[in-house]
Amino acid sequence: QVQLVESGGGLVQAGGSLRLSCVASGRTFSMYGMGWFRQAPGKEREFVAAISWSGARIYYADSLKGRFTISRDNAKNTVYLQMNSLKPEDTAVYYCAADPLHRDGRVPYEYDYWGQGTQVTVSS
């Protein structure tokens, strides 16, 4: 089992950047595929990015390619989401998630463990 804690959210103007971090407890972080999702008010949780346990495989939502970058540091039990050129429509709660089965999933049900989320608000 793994516990996840996100940080790095906040209020930023359109065009700005934020880097989210997700720290995992436990010694087996490197055994998990990791993903980032987001959920805006009144909308379903949507896929943002995923990264395999080694970082060799990375996937993004098509609409976010080129602006968002996912990475991980297994020595620090941390996965990151660098977000650039932020837009008001990026406003959401951002969640990291862990998948022990390495499915490189793009849907929430493929992830077994979730953090509490961090709020990102982009003002126009």
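Start at 1 with the first residue, then count along the sequence.
Thr78 and Asp73 form no side-chain donor-acceptor contact under 3.5 Å, judged by distance and modelled atom types alone.
Note: the hydrophobic cluster containing Tyr32 also contains Ile58 (ILVMFWY, side chain heavy atoms under 4.5 Å, direct or indirect links). Met83 and Val93 are members of different hydrophobic clusters when ILVMFWY side chains are connected at heavy-atom separations under 4.5 Å. When hydrophobic clusters are built by joining Ile, Leu, Val, Met, Phe, Trp and Tyr residues whose side-chain heavy atoms come closer than 4.5 Å, directly or via intermediates, Ile70 is grouped together with Val2.
Interatomic distance, CD of Glu110 versus CZ of Phe47, reported as 10.0 Å (0.5 Å rounding). Considering CH2 of Trp36 and SG of Cys22, their distance stands at 5.0 Å, rounded to 0.5 Å. Distance check: Asp104 CG to Ile51 CD1 gives 10.0 Å after rounding to the nearest 0.5 Å. Rounded to the nearest 0.5 Å, atoms OG1 (Thr91) and CG (Leu86) are 8.5 Å apart. One finds the CG atom of Leu18 at 8.5 Å from the OG1 atom of Thr118 (value rounded to the nearest 0.5 Å). With rounding to the nearest 0.5 angstrom, the SG atom of Cys96 is 9.5 Å from the CG atom of Leu20.
Here Tyr111 and Phe37 bring their ring centres to under 6.0 angstrom of each other.
Asn74 places no side-chain N or O within 3.5 Å of a backbone atom of Ser30 that could act as its donor or acceptor partner. Between the Asp99 side chain and the His102 main chain, a donor and an acceptor come within less than 3.5 Å of each other. Panel note: side chain Tyr94, backbone Val48; no donor-acceptor pair is recorded below 3.5 Å.
Geometrically, Arg72 does not engage Tyr80 in a cation-pi contact, judged by NZ or CZ lying under 6.0 Å from the ring centre and within 45° of the ring axis.
Of all heavy-atom pairs between Pro108 and Trp114, the closest is O-CZ2, 3.5 Å. Considering every non-hydrogen atom in both Ala14 and Ser124, the closest pair reads CB-CA, 4.4 Å. Minimum interatomic distance between Ala40 and Ala92 (heavy atoms only, all atoms of both residues): N-CB, 3.8 Å. Between Gly105 and Ala50 the shortest heavy-atom distance is O-CB, 4.0 Å.
Pairs passing the side chain to side chain donor-acceptor pair (under 3.5 Å) check and including a residue from residues 1-15, sequence neighbours excluded, do not occur.
Other residues, nucleotides and ligands contribute only 12 or fewer heavy atoms inside 6.0 Å of the CH2 atom of Trp53. Counted within 6.0 Å of CD on Gln116, heavy atoms from surrounding residues, nucleotides or ligands total 12 or fewer; the atom is thus considered open.
Using a cutoff of 4.0 Å between basic side-chain nitrogens and carboxylate oxygens, Arg38 and Glu46 are scored as salt-bridged.
When side chains are defined from C-beta on, Pro100 counts as touching Asp112, because their heavy atoms get closer than 4.5 Å. For the pair Arg67 and Asp90, the minimum side-chain heavy-atom distance is below 4.5 Å. Side-chain contact between Leu11 and Val122: absent, with no pair of heavy atoms (C-beta onward) separated by less than 4.5 Å. Taking 4.5 Å as the limit, every side-chain heavy atom of Leu81 sits out of range of all side-chain heavy atoms of Thr69.
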